[in-house]
Amino acid sequence: MAPVRTRFAPSPTGHLHIGGVRTALFNWLYARHHGGQFILRIDDTDQQRHVEEALKPILEGFRWLGLDWDEGPEVGGPYAPYFQSQRTQRYQAAVERLLERGYAYRDFSRPEEIQAEREAAEKAGVPFRYSRRWMAETEAQAERFASEGRTAVVRLKMPSEGVCRFEDLVRGPMEFAWAQEQDHVIQRADGSCLYHLANVVDDYDFQISHVIRAVEHLSNTPRQIFIAQGLDLPIPRYAHLPYVAEPGSQSKLSKRKLKKYLKHPDFRKLYEHGAHILERLGRTIDEETFQPVLVEFYRAVGYLPEAILNYVLLLGWSLDDKTEFFTRQAMIESFSLERVNKSPASFDPVKLWSFQQHYMNELTLEEKWEIVRPFLEEVGWVDTPPTLEQRQRTEAVLRAAGDRIKTGGDILDFPEFYVADAELAYDEKALKKRLGDPESQQRLAEFAEVLAQLEPFDAPHIETAMKEWVQERGIGLGKIIHAVRVAVTGRGVGLGMFEALEILGKATTLARIEQALAKVGAAQRPA
RNA sequence: GGCCCCUUCGUCUAGCGGUCUAGGACACCGGCCUUUCACGCCGGUAACACGGGUUCGAGUCCCGUAGGGGUCACCA
């Protein structure tokens with residue numbers, strides 16, 4: 001049996017769409033499952049500008065996700081080049097062959113003439129089909145049209161009867177009437193070729209065995225089969241995946257509708273969490289790339305590739321009625337096209353988030369450190385590279401934070417462990433609530449004395465000391481713990497109080513209590 | 001509009017004629033735990049779009065209807 005070879009063919013737009021990731025993943029899984037090859041081909045037939053630059057984020061996205069390609073940009077391969085813009089001579093040869101075999105013709109019509117025919121058909125209420133009025137099948141005809149100042153494109157000469165049949169690996173038997181097809185242009189007057197032609201030629205040249213792509217391409221399939229037939233090429237197997245839909249809708253997910261999606265509460269939450277992290281980093285938000293529809297978003301915020309992959313895997317595919325989590329190996333082993341759904345699946349930000357939580361919790365402390373580290377370095381809370389002390393402190397924070405840190409960027413929500421006392425920001429509301437009255441201030445001052453005497457200054461001892469202290473006074477723990485928290489961390493919420501104090505150490509703790517007391521004391525005096 | 005496709009809890013899905021008074025996950029609701037937040041634990045609400053067939057029997061097969069969607073470029 002011929003080896004399984006699949007491909008993903010991004011056009012270098014600069015972005016990797018979440019739906020694209022899903023398509024790429026399925027192609028990758030299918031190839032890996034069958035021990036075949038996964039090829040990356042760049043569909044830049046139309047791109048005259050900055051392919052390199054636009055390609056970079058896409059390839060980085062692939063690398064980040066761990067979807068390695070066997071052939072394609074950077075790695076090359078036996079069928080190089082893998083850029084369509086560099087394969088024009090192949091397409092030219094194909095066009096000539098199609099012309100010779102009568103599967104295509106030179107057409108000297110002007111665009112506005114086609115447009116007129118199209119409009120006339122619409123007006124008459126009949127389906128449009130080009131009259132072939134400016135079709136030139138002989139040199140004499142061509143010369144005559146050319147003498148009128150016309151230039152020629154090459155069109156497919158589609159059959160007017162019969163049906164195109166093929167078996168779709170996801171959808172089953174498909175049937176399209178040839179008469180429905182248009183005489184599509186495959187080559188422009190300037191000699192450049194169009195996508196469908198290039199696509200078929202390349203799929204053959206690269207020996208692609210399975211074309212796994214989004215269902216948007218389903219209706220393009222007959223014309224591609226026609227081209228393949230005209231070229232006398234074998235037809236690959238086709239599998240058309242349902243598209244990924246908008247959250248809470250059945251419409252196709254688009255990267256152009258950020259504003260609309262932000263009206264969806266769950267989507268908005270996902271976005272705002274990410275925007276918050278970027279803000280902490282002091283980066284400006286580029287709306288072009290920073291949106292939860294694109295993988296760049298997730299990388300920037302510190303999501304785990306495993307979470308993204310596992311989530312999109314289940315968008316249109318399932319193994320059975322209970323398996324939710326798949327390691328890379330498990331994905332490869334269990335993936336099959338037979339279990340791909342036919343109906344679109346809508347993108348659910350909340351579910352994605354839950355996968356992220358799951359995988360984050362599976363990380364060891366060392367792994368979490370690596371996820372969090374770039375954020376700390378960027379914001380300058382640790383050196384580049386970090387010192388051993390900084391790393392140990394961060395690991396202590398990570399340990400104490402537990403599952404509170406859900407993405408790499410979430411570490412930025414804990415400035416209290418990194419900034420100097422004087423730079424600690426206080427949440428005014430929390431400060432007022434917990435230290436607004438003289439009694440609580442008094443209690444805090446008294447408890448500070450206890451802390452000052454405490455040795456060793458670690459979480460268990462602090463806890464014991466505080467519990468004994470409140471017991472002596474016959475008051476609840478809540479009367480003091482919140483005051484200490486806000487005084488030392490500046491906030492009303494955070495990780496475990498006792499661990500927090502231990503990480504910060506006695507000196508910092510006492511200094512911050514003093515600082516907080518001064519702050520509320522000053523606030524109480526009229527100016 | 002033509003052609004094509006899709007339709008099980010809010011969402012992702014299991015289900016390939018009887019085992020379905022429809023299973024799981026996420027979300028949601030209630031309770032427990034609790035120093036905040038988060039987690040965790042226990043429990044709960046919630047779906048076969050509709051109408052006809054076929055069949056002893058239909059979520060599962062067939063046909064309609066409705067709804068949703070994709071696609072109709074000298075874009076990819």
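No experiment lies behind these values; they were computed from the predicted model shown. Reminder, nothing fancy here: chain letters follow the sequence lines and each chain counts from 1.
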Classify the angle between the aromatic ring planes of A/F355 and A/F325 as parallel (below 30°), tilted (30 to 60°) or perpendicular (above 60°). perpendicular

Which whole number of Å gives the distance between the C1' atom of B/C16 and that of B/G23?
16 Å

**Report entry** Euclidean distance for P, B/G52 against B/U13 (whole angstrom)
**Finding:** 30 Å

Phosphate OP1/OP2 of [N] contacted by [X] side-chain N/O (<4.0 Å):
X      : N     : answer
A/K342 : B/U7  : no
A/R188 : B/C75 : yes
A/S219 : B/C3  : no
A/S346 : B/C12 : yes
A/N220 : B/C72 : no

Have a look at [X] and say if it touches a base, only the backbone sugar-phosphate, or nothing, with a 4.0 Å heavy-atom cut-off.
X      : result
A/V350 : sugar-phosphate
A/L352 : nothing
A/P127 : nothing
A/R118 : sugar-phosphate
A/E216 : sugar-phosphate
A/F498 : base

Heavy atoms from C-beta onward define the side chain here; which of [options] lies closest to that of [X]?
X      : options             : answer
A/S251 : B/G69, B/G2, B/G15  : B/G69
A/Q250 : B/C12, B/A76, B/G70 : B/C12
A/R339 : B/U36, B/G15, B/C12 : B/G15
A/V493 : B/G70, B/C37, B/C74 : B/C37
A/L194 : B/G24, B/A76, B/U36 : B/A76

With both distances under 3.5 Å as the test, what is the Watson-Crick or G-U wobble partner of [N]?
N     : answer
B/G44 : B/C28
B/C72 : B/G1
B/C50 : B/G64

Could one point to a donor on the side chain of A/H184 or the base of B/A73 with an acceptor on the other under 3.5 Å away? no

Exactly one of A/R106, A/R132, A/R155, A/K157 clears salt bridge (charged side-chain N to carboxylate O under 4.0 Å, His left out) with A/D183, and that residue is A/R132

From the list A/D203, A/D205, A/D202, salt bridge (charged side-chain N to carboxylate O under 4.0 Å, His left out) with A/R90 holds only for A/D205

Fill in: Over-ring placement of A/R22 relative to A/Y243, 6.0 Å and 45° cut-offs
no

Discussion item. Would A/H217 count as stacking on B/A76 if stacking means ring centres less than 5.5 angstrom apart and planes tilted under 30 degrees?
Written reply: yes

Paired with A/Y298, the side chain to side chain contact (heavy atoms under 4.5 Å, CB included) test is passed by just one of A/L352, A/T407, A/V21, namely A/L352

The single option from A/W69, A/Y82, A/F206, A/F62 that satisfies ring pair (Phe, Tyr, Trp, His ring centres under 6.0 Å) with A/F8 is A/F62

Comparing nearest nucleotides in RNA chain B, the 5'-proximal residue of the pair A/Q180, A/L477 is A/Q180

